[in-house]
Amino acid sequence: MLQIDHIDVYYGKIQTLKDVSLRVDDGELVTLIGSNGAGKSTTLRTISGLLRPKQGSITYNGQRIDHLKPHEVVRLGVVHCPEGRRLFGHLSVGENLRLGAVTQTDSAEIERTRGEVYELFPKLKERNNQLAATLSGGEQQMLAIGRALMSRPKLLLLDEPSLGLAPLLVEALFAIIRQIKARGVTILLVEQNAWLALEVADRGYVMETGKIILADSAAALRTNPQVEEAYLGGGA
Amino acid sequence: MNTKMQRNGFLVVLGATLILLVGLSSSGSSFWQGIFINLGMYIILVVALNLSNGFTGVFSLGHIGFMALGAYISAILTLPLDKKASYLPDLPGWLAPVHLDMMIGPFPLGFLLATLIAGVLVTLIAVVVGLVLMRLSGHFVAVATLGFLVIVRVVLINADEFTRGSHTFSNVTAYTDLWWVYAWVFIALIAVWRLKFSSYGRAMFAQRDDGIAAQSVGIVIMRPRLLAFAVSAFFTAVAGALWAHYLTSFSPKAFYFDLTFRVITMLVVGGMGSVTGSVVGPAVITAIAEALRRLEDVTLLYGVSQIVLAVLFIVIIVFRPGGLMGEREINFAGLWQRLRFRASVAQEGSAAEP
Amino acid sequence: MKARSLLVLVLVVILVLSSVTFISAQDEPIKIGLGFDLTGAESSLDLPASNGAMLAVEEINAAGGVLGRQIEPVLRDSRYEMDITAQIARQFVEEDGVAAVVGFTDSDSVLASGPIIQEAGVPFITAGATSPLLPEQVGDLFFMACFGDNVQAAAAAEYAFNTYGDTAYLLWDEGVEYTTLLAEYFRARFVELGGTIVLEDNYADDATDFSTQITKIRALAEQPDFYFISAMPYNVGPVVLQMRQAGLEGPIIGGDGYDTPDIVSVAGEAANNVFFTTHALMDSEIGTDGIKAFIASYNEAYGHDPENAFAALGYDAVKLLADAIERAGSTDAAAIQEALLATADFPGITGSITFSEGSHIPQKGVTIIEIVDEQFTLAQEVVPEVVPPANLDADM
Amino acid sequence: MGIRSHAAHLLDVTELTKTFKGLHALEDVNLQLDADEILGVIGPNGAGKTTLLNLLTGYLLPTRGKIFFQNKDITALRMPAVTRLGIARTFQNIRLFGAMTVLENVVTAQQLRTEFSLPEVLLATGSFRRKERELVEQAMDHLSIFGLEDHADQLANSLPYGMQRRLEIARALATSPKLLLLDEPAAGMNISETDALHEMILEVKRRFHLTIILVEHDMRLVMNMCDRILVLNYGRVLATDRPEAIRQNADVIESYLGKAHHTAAS
Amino acid sequence: MSLPLYALQQLINALSVGSLYALMAAGLAMVFGILGLINFAHGDMMMIAAYIAAFSLIAGIPLPIALVLMVVGTIIVAVLMERIAYRPLRTAPAVATLLTSFAVGQILQNGALLTSRFAQQPLQIAFPPIDFLRGVVLAGALTIPKVNLVSLGLGLVLLLLLTLFVTRTTLGLSMRAAAEDIQAAQLMGIDTNRVIVTAFVIGAILASAAGLLYAVQAGTVNPDMGFSPVLKAFIAAVIGGFGSIAGAVVGGYALGLLEVLLVAIPGLGDILPAATTSPEVITFFKTYLPSTLTSYRDAFVFAALILLLLVRPGGILGTVDNDNTR
């Protein structure tokens, strides 16, 4: 479904991605793990068109998308739920969801999707008219994901959804990610909480300083001593 | 070693400047002297503004107000007594008989005193204003300092016993010449350069880059801001005094938005944060503006030069958002090395010839 | 790097092109510097003045020139930036070697350029700067083609006092020297005559809505005999219109800032019962033959009627200079100065010009114009009985 | 204040409370810290950990409560004054002077202890040159402790992430503090980097005779390094105890560590 | 005129001035909200609009067509301006874009200057009279110039339409989203370039309405007529809390009121009827609030502005978190 081939990305003069290649197949949940500054978010930002690769290509369902603008990428069904939620705090929950569906034209369809999102996150329905900024941290994350789902993504790019959530909430969140996957959405998940990510994922990539250093099935990565040592905190 | 090369490079630049000045002042062309006098005054204005806007990031749009105050204060102090009696008859008693015209040989000490008094008074005003305004950041300082400029203008227009109101203040003695201007250019550049590479400068840049981190290493944000604002006001007032005693007449209208934006444009083109840029910016803008002006006189398309200048400005900003110099400085040591290298090549060349 | 080399290239091209100016012509024509603000804040006055001046040069040249030599005008834009104003003065006297300079309509520009021209020993006639303090401030080679504001203000005060009565309302533009000076001279003469100013007020130069000031007038228990409003050409129309719309029908009086067709086109019939002092009645139908001819040729050259009285003043200033050079028989500064001082009854478009008793401000009659049925009509030609001193401050 | 003696403690915090728009970010926090201790502060996001650091350093002023440092009431002091008295900190999201070089970052912190007069600077007197030279030399020595001496002339924001963290600590220490507050220094580090950080913190603690407060999510680091741990939840102190005791504390497990961590850690 | 009547008339004056300021400030604030750009060339867009209208009317084009030409022409200028000057500078520092907007203004002003010269028109053109904008409406002793009434009405209508647009349409919602977080908006699939161009187009519509009314009031058009209104708009926008359209409107009326008060109160000593007012009051006004004090008006406006910035940095409507730094 998504194929990244040998991309190099620069922030100004500093190279942040070096020869990164990865692949996400239809229906999969693939995770990208690694420490802060390893280039995980940069990878997602490049896929969604916020950054341009200097070298290499990104294809989605056989179509080159590395030269597209972010809104064109979204129209193809690749939706990026950014790190730090990036909600429109001065707009209501309902308006945030409406904006998620900005690429959709069929209003009946939009309402149906809205119903599904409410089903997934009943809290959002309760708070429909509340300003997004007034939600709690967990609710905000729910809204961020719900907003992304409103555009009926085929491929969902989730960036650090667990960031800043208490461990108990994180568990609930991952249960929802599983449900989304079960509905047939392909997911590329960037997580610092490698343990949890590998629990839900089919496959995983490990990044370090802008490079992919490991790629394997999630199960294999979970038991890979190198990963265990570096990211999972071993058997402390 | 490195510092020695730096000093040599600096001396080369200083020497070249001196030669240029001697050449100019002996050329007898008051037009070309005028260009360089204007350039010098702009350099002082820009480097002073850089200290405040560039180094501390507190963007002031009100500096021309300090310039106006400097011009008026110094001019009142040096105005010949007969002119004073006729143009400013309502001056308060203690000020009416003041006429700073002392000379030491050919050196007008009175003018120097007037300039210094204007500078110091304006610095005091800047401290008071700064205590209020330097608490603001971002667009808010810009608006507030713009307000200061408007207030200064209104006060100058209304304080007619001191300023003649909206009437042109005239017959100021023309003390300012190339040497006066460039002496002050030298002092201003050196002072700002030394501030930049000192604990004060580091504090200014630090609080600009990250105010919270700066506080966490013990920097009281207000202090570097206020210092920069005050010193900057001093030199701006000096430039005002030079301006007053060069043009010999002025009115509140002259010290307003047009001049403000001309100086800021020079600053941005040169590079905010770079002392070298404060010379480069005015020099480039003056050169282009002068060339375009002459072109206009040939083509008679008055107005085109302003358009071209504006387009050039946009081009510079698009391709070099930090200005021509960014925050970098001239590398005196490198300059010296390059000169020595050329000299040695030339020597070798000439040695090889016969 | 690329941007830099591009910049250098542009600079070089510009410098090469501009060096064309240095290829100067033969010494034969008489060079006259024309310094005006063509693009800056004063351009609405200076541009017409420069047009008038250029027109005069063309006419003189077409008629064979002065002393058998053509006049070569050197027109330069001061942009109302004072450092540039000073610089073009230097260019005139050094690079161009002009025999005389004509220019400007405001004191700031005259005072920034005048001392330089004076020091270079070159005569300088201002087209429209009307502050009577200027000759003293600039020097003995400086002349004015127009009367001083004290003269027209006194004329207005005397006319209004005698015609309408002894109570007045006074409004002026507080940001401009011309309007403040005019208001001060008017006040001085009017009070001296025994008049009372019942209310005075001012407005910012950029104002377009005067309803606040007008409401204050309307709140007066009793309306004054007339309203003296000292305004710039661009403010006159709206002030007059808005006053009339608010029901203030009394006579409105002002200075030569009113002398622009705009007042009628903006205010329409509201401009009736407006009186103002100016240099001459610029009317293509009932004006003098000289005025008719001037308006016609201005229209031919620039595609429209003269914008305001400054067009005629620019024209007169050049003609006055040419006349003086002709009489002096040379372009020597002292000779021109002497000839100018001896000018008597020079028939300018803006009235007959005489410099008497060593004064550098001409004695000109003041024309008082009344607007009747949206037409300028001549109300009176006067010479004020008493003129307030140029420097009001000095007497206080 | 009462007659209670604070002499025993380096830092003595009583009933510290901070409210934002009526919400308690921190409520009645009491805390005593002795010289040479390492105190860990843990708690879920929004528990008030960073608010606590902001209050201790004078970046925020408390709504209620007192802070004594070395027997001196610093409750009302602002950040620069607090730093001068000897409390330094780092930040959760690194805050360097990005447009300045690594060396300048450290010198800027170090100059806190050096007095310059304006004439001295403007005239570039001998004393100015000497002091500047000394500052640079000291800063270079200081950088070498952190292995940053080879990057002295590099711009701070061009350093890789790990080095930026180290530089931030180096800069904090350049103010010669007695108490160092570290806000999630291991965030985004892998385990080997975290271990190196652990070593480094212990090393500088010895060398500079520091007392440390460490706010951190990485339980392994906190458990291994700290003498005591303070657990915050919704702005209140849940527990203060030795690491082993915290690990067993049912309340803490329930509200913070959760099942996931439990399984992961066991 | 009795004192209450006087107060009422001055209040009407304040509302009239204020609605023009609000109209001008709304366009400025909208672009600022989305791009963080203080577009000083907004005033020059007003100037361009006035010129197009004036030239069209002088050429004998019927009023409705002239107005359409004006709006379309201004929109074209605004879109070109965005495309050529501002788009390459999206990521540049605020100062650079601010100065660029001045440069753009310079280009427009001198362009207008050259155009009038080539069209053989005077620099300053009398704005051709528009019948329905001439004259006054009388309500008892109160007078309201029609221009002011129209600016009040047109202002309200345009601002209402604008409010409906940003709350009811997807494009409007997208605009608000882009104003808050332009990158997040992109990730929603919003074409932010389109949103920005839309903001400039709406800005141009507001500017042409304001430009027309301003020109009618001023009676004349000239190349630098845009500076003074944009400065007022800027102040109004700051008073209201920069970036919010509602704030700009409130700021516009606040500025109008302030300006009118600063002229209406000094000099009352000369106006109050001596028969019915106690002499102390008259003496008080004559001593402390003489008419000449009105020349300090701008200083008071800005002093008030600075005070407001210190006390409520977010403007009248704004909310600002209490963090003491940044």
Side-chain angles (χ1 to χ4, degrees), chain B residues 53-54 57 59 61 129 132-133 135-155 157-158 165-166 207 210-212 214-215 221 257 261 264-265 267-269 272 301-319 321-323, chain E residues 32 36 38 40 84-89 91-100 102-115 117-118 223 227 231 234-235 237-239 242-243 292-293 295-310 313-314 323-326:
Chain B
N53 294 17
F59 204 84
L61 291 176
V129 172
V132 179
L133 297 192
R135 293 167 46 196
L136 301 165
S137 286
H139 284 117
F140 298 129
V141 208
V143 179
T145 46
L146 189 79
F148 170 72
L149 178 63
V150 174
I151 292 171
V152 167
R153 178 186 140 94
V154 171
V155 168
I157 286 182
N158 284 287
S166 54
Q207 62 82 33
D210 192 322
I212 296 170
Q215 293 182 65
I221 289 186
F257 295 112
F261 293 117
I264 293 178
T265 303
L267 170 64
V268 172
V269 166
M272 303 229 292
L301 288 171
Y302 297 101
V304 170
S305 79
Q306 280 98 321
I307 294 183
V308 176
L309 207 58
V311 170
L312 273 178
F313 174 79
I314 295 176
V315 169
I316 290 178
I317 292 301
V318 168
F319 288 101
Chain E
F32 179 84
I38 301 176
F40 260 84
I84 296 168
Y86 297 139
R87 196 172 292 183
L89 286 170
T91 53
V95 188
T97 53
L98 174 73
L99 286 175
T100 303
F102 274 104
V104 170
Q106 276 285 313
I107 294 171
L108 294 179
Q109 283 169 33
N110 286 289
L113 194 118
L114 286 167
T115 313
R117 226 180 76 175
F118 284 118
F227 185 73
L231 196 64
F234 177 58
I235 301 165
V238 172
I239 291 177
F242 222 155
T292 44
L293 209 63
S295 55
Y296 283 97
R297 165 188 55 234
D298 288 347
F300 284 122
V301 166
F302 273 95
L305 187 70
I306 292 172
L307 204 67
L308 181 76
L309 288 177
L310 289 169
D323 262 13
N324 31 10
T325 359
R326 296 191 191 205

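The sequence lines fix the lettering, A, B, ..., with proteins before strands; numbering per chain opens at 1. As the structure is a computational prediction, the values presented were derived from the model and not from experiment. Just so it is clear, the values below take in all heavy atoms, side chains as well, and ignore hydrogens, waters and symmetry mates.
- Among all heavy-atom pairs drawn from E:I306 and B:F148, the shortest one is CD1-N, 4.2 Å.
- For chain E, the nearby parts of B:I264 are the backbone and the side chain; heavy atoms of each come within less than 4.5 Å.
- Heavy atoms of E:Y86 lying under 4.5 Å from chain B are absent altogether.
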Between side-chain atoms of residues 304-316 of chain B and protein atoms elsewhere (two or more places apart, or another chain), which donor-acceptor pairs fall under 3.5 Å?
residue	atom	partner	partner atom	Å
B:S305	OG	B:E296	OE2	3.0
B:S305	OG	C:R79	NH2	2.7
B:Q306	NE2	C:T39	OG1	3.0

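- The shortest side-chain heavy-atom distance between E:F102 and B:T265 does not fall under the 4.5 Å cut-off.
- Using a 4.5 Å cut-off between heavy atoms, B:V318 touches chain E through backbone and side chain atoms alike.
- Interface residue B:L133: only side-chain heavy atoms are found under 4.5 Å from chain E.
- In this structure, the separation between CG on B:L61 and CG on E:L98 is 7.0 Å, given to the nearest 0.5 Å.
- Only the side chain of E:L305 has a heavy atom closer than 4.5 Å to any heavy atom of chain B.
- For E:R117, the part lying under 4.5 angstrom from a heavy atom of chain B is the side chain only.
- For a residue to count as touching a neighbouring chain, one of its non-hydrogen atoms must lie under 4.5 Å from one of that chain's; by this rule E:I84 does not touch chain B.
- If you measure heavy-atom distances from E:L114 to chain B, the contacts under 4.5 Å come from the side chain alone.
- The shortest heavy-atom contact between E:S295 and B:N158 is OG-OD1, 2.6 Å.
- The side-chain hydrogen bond (donor to acceptor under 3.5 Å, both in side chains) check on B:N53 picks up nothing, with sequence neighbours excluded.
- Distance check: E:L113 CG to B:Y302 OH gives 12.5 Å after rounding to the nearest 0.5 Å.
- To the nearest 0.5 Å, the span separating CZ on B:F140 from CG on E:L308 amounts to 9.5 Å.
- With a 4.5 angstrom heavy-atom cutoff, E:F32 touches chain B only via side-chain atoms.
- The closest side-chain heavy-atom distance from E:F302 to B:L149 is not below 4.5 Å.
- For E:F300, no part lies near chain B; criterion is any non-hydrogen pair under 4.5 Å.
- For chain B, the nearby parts of E:L99 are the backbone and the side chain; heavy atoms of each come within less than 4.5 Å.
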